[in-house]
Student: 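Here it is: the structure, laid out below.
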Amino acid sequence: MHTHHSAAQPLTEYGPSALALLAGALLALMIHCNSRLAAYSNPLTASWLAHAIGLLTALLLWKARRRVPADASRPPRWAYLGGVPGALVVALAAITVNSPLALSGTLALGMAGQMLLGLLSDRFGLFGMPRRPLQLHDALALPLVLSGCAILIFGA
């Protein structure tokens, strides 16, 4: 039996992966722009300016949205602290991009850190995530990424 795939299915099937890829590219662009700004001022000033512009952008997007569903629930209180690591990412990346690590080393090590925290969150159910036992491919992924980081930073 042949099933007909609608035009919306690729978006549903590949949409989250495409959005994650776009987010990674935007993260690289953000880190590059902020590090250039930090080179002309300092990492703290660059971080403040980046977050001020981000706040204005978020406010514009918030104003442009249609409306919140009536059944929307409130997030947990700790979810409001997401800006703290965001500010640290901007400031620390502005410092490391302007170091011998450069942009590729900063992003590679950042990805390794994201992977490690993701694996820990999956395993122990941190931040309200469902617990998921780690599997062989999980155990192999992190050393491979760290090996790639070493090649980027130190050369082959």
Student: So, taking the atom named OG1 in T106 and the one named CG in L101, what distance separates them when rounded to the nearest 0.5 Å?
Tutor: 5.0 Å
Student: Once rounded to the nearest 0.5 Å, what's the spacing between atom CG of L60 and atom CG of L56?
Tutor: 7.0 Å
Student: Is there side-chain contact between L146 and P143, with at least one heavy-atom pair below 4.5 Å?
Tutor: no
Student: With distance as the sole test, does N34 use its side chain to make a donor-acceptor pair with the main-chain N or O of V90 at under 3.5 Å?
Tutor: no
Student: Can you name the closest pair of heavy atoms from G105 and I153 and give their distance?
Tutor: CA-CG1, 4.0 Å
Student: Return each pair, listed once, that meets side chain to side chain donor-acceptor pair (under 3.5 Å) where at least one residue sits in residues 134-149; pairs must be two or more places apart or across chains.
Tutor: R132-D138
Student: Taking all non-hydrogen atoms of both residues, which atom of R123 and which atom of R131 are closest, and how far apart?
Tutor: O-CG, 4.0 Å
Student: Do L116 and F127 share a hydrophobic cluster (ILVMFWY, side-chain heavy atoms under 4.5 Å, transitive)?
Tutor: yes
Student: Could you give the distance from OG (S35) to CE (M30), rounded to the nearest 0.5 Å?
Tutor: 10.0 Å
Student: Testing the basics here: between Y80 and P75, what is the closest heavy-atom pair and its distance to 0.1 Å?
Tutor: OH-CG, 3.4 Å
Student: Which of these passes side chain to side chain contact (heavy atoms under 4.5 Å, CB included) with P43: L92, L37, N98, I95?
Tutor: I95
Student: Is there side-chain contact between S17 and L21, with heavy atoms separated by less than 4.5 Å?
Tutor: no
Student: For the pair H51 (side chain) and S47 (backbone), establish whether a donor and an acceptor sit closer than 3.5 Å, ignoring hydrogens and angles.
Tutor: yes
Student: Between atom CG of L55 and atom CH2 of W62, what is the distance when rounded to the nearest 0.5 Å?
Tutor: 11.0 Å
Student: Rounded to the nearest 0.5 Å, what separates atom CG in L49 from atom SG in C33?
Tutor: 12.5 Å
Student: So L61 and R65, do their side chains get closer than 4.5 Å, heavy atoms only?
Tutor: no
Student: Return yes when atom OH of Y40 has more than 12 non-hydrogen atoms of other residues, nucleotides or ligands closer than 6.0 Å, and no otherwise.
Tutor: no
Student: Among L144, L142, L120, find the residue that satisfies the side chain to side chain contact (heavy atoms under 4.5 Å, CB included) test when tested with M115.
Tutor: L142
